[in-house]
Amino acid sequence: MKSIYDCYTLSNDVQIPCLGYGTYKAAADESAAVICLAIEAGYRYFDTASFYGTEKYLGEAIQESGISREEFFITSKVWKTEMGYEETKAAFARTVENLGTDYLDLYLIHWPLPTPDYKDWKTLDIETWRAMEELYKEGKVRAIGLSNFLPHHIENLLENCEIAPMADQLEYHPGYTQEAAVQYCKEHDICVQGWSPIGRGRMFGDKLFLELTEKYQVSPAQLCLKFAIQNGVIPLPKSSTMERMKQNQDLFGFEISKEDMFRLRTMPQAGWSGEHPDRERVY
Ligand SMILES: NC(=O)c1ccc[n+]([C@@H]2O[C@H](COP(=O)([O-])OP(=O)(O)OC[C@H]3O[C@@H](n4cnc5c(N)ncnc54)[C@H](OP(=O)(O)O)[C@@H]3O)[C@@H](O)[C@H]2O)c1
């Protein structure tokens, strides 16, 4: 990858850019200003979700930019309370209305379980996925996928679906690389996107970080983002200032050595959000 516009090819041949902008809390001031700035900074791949409350601001920002819809890659997600066949269809209709568009580039199931103790999650996932498959077949979404699905959740779908998921969005950063899930996805041609790719800054003081940012003369955020890209994972950083937005795209003038990549992949767990689909949130 040589720029944020270079793409991976999903299993259905759709092109997906190698870095996107995450919109969670990107409209905390209830305005589209930060997302407008992100478009100005050059981002075209935007990650949103019905849960974030940012869909309508992303829609406004795209409208204001005057740039055609086709130049953007837009992902949104079905929230925990919107799962099920009919509910997912209705959720999709709300999402595209909020965004002011008539299609999504990628639509994901946000979490495999509404709550960790939800008993019949396998049936609920299959029903939700059936709606996703129909939206795909109707041409309303260019690709469909998952988020926070671990191998045992994905197996349930693969055993029962008609169309295999094309993507899975997982928490991913040095200190929390979910190796088993990432490897499973790679073996099944499921593209991995990394959420909280900067770990919201929680690993920045780690001594390996201090050593490597000095060695490569980059910021901790740049180290994290390049780490994801070199592992074939699409990072989705969120930032609020033009300087950080630009910095988070300036990743192609250095290469992390193989040895340092292994050191980052095997550092002790750090920066975990505390979220796991099968457990109550830890913190
Ligand atoms: N699928 C899921 O369940 C899920 C869950 C969480 C997140 N996500 C997605 O992933 C996206 C990113 O995750 P995230 O927002 O949790 O975390 P993140 O991108 O890892 O971190 C964002 C934080 O890092 C700061 N930051 C950004 N660039 C920086 C830089 N160059 N130097 C120093 N600090 C920097 C930001 O500050 P400023 O904003 O002040 O610049 C913000 O506080 C979300 O927006 C969302 O789209 C998905």
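Just so it is clear, the structure is predicted and the values come from calculations on it, not from any experiment. Order of appearance sets the numbers: ligands from 1, and atoms from 1 within every ligand.
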Report the C-alpha separation of H173 and W195 in whole Å, then their side-chain angles, then the decisive distance to 0.1 Å, and conclude whether the ring pair (Phe, Tyr, Trp, His ring centres under 6.0 Å) test is met.
-> CA-CA 8 Å; H173 49 76; W195 65 256; 8.2 Å; no

Report the C-alpha separation of Q169 and D47 in whole Å, then their side-chain angles, then the decisive distance to 0.1 Å, and conclude whether the side-chain hydrogen bond (donor to acceptor under 3.5 Å, both in side chains) test is met.
-> CA-CA 10 Å; Q169 190 180 117; D47 182 76; 2.8 Å; yes

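A heavy-atom cutoff of 4.0 Å around ligand 1 is satisfied by the protein residues G22, T23, Y24, D47, Y52, K77, H110, W111, S147, N148, Q169, W195, S196, P197, I198, G199, R200, F204, A221, L236, P237, K238, S239, S240, R244, Q247, N248.
Taken together through direct or relayed side-chain contacts under 4.5 Å among Ile, Leu, Val, Met, Phe, Trp and Tyr, M267 and V218 form part of one hydrophobic cluster.
Between F72 and Y45, the distance separating the two ring centers is not shorter than 6.0 angstrom. Aromatic ring centres of H110 and F149 lie farther apart than the 6.0 Å criterion allows.
For K140 and E134, the salt-bridge test fails: no basic side-chain N is under 4.0 Å from an acidic carboxylate O.
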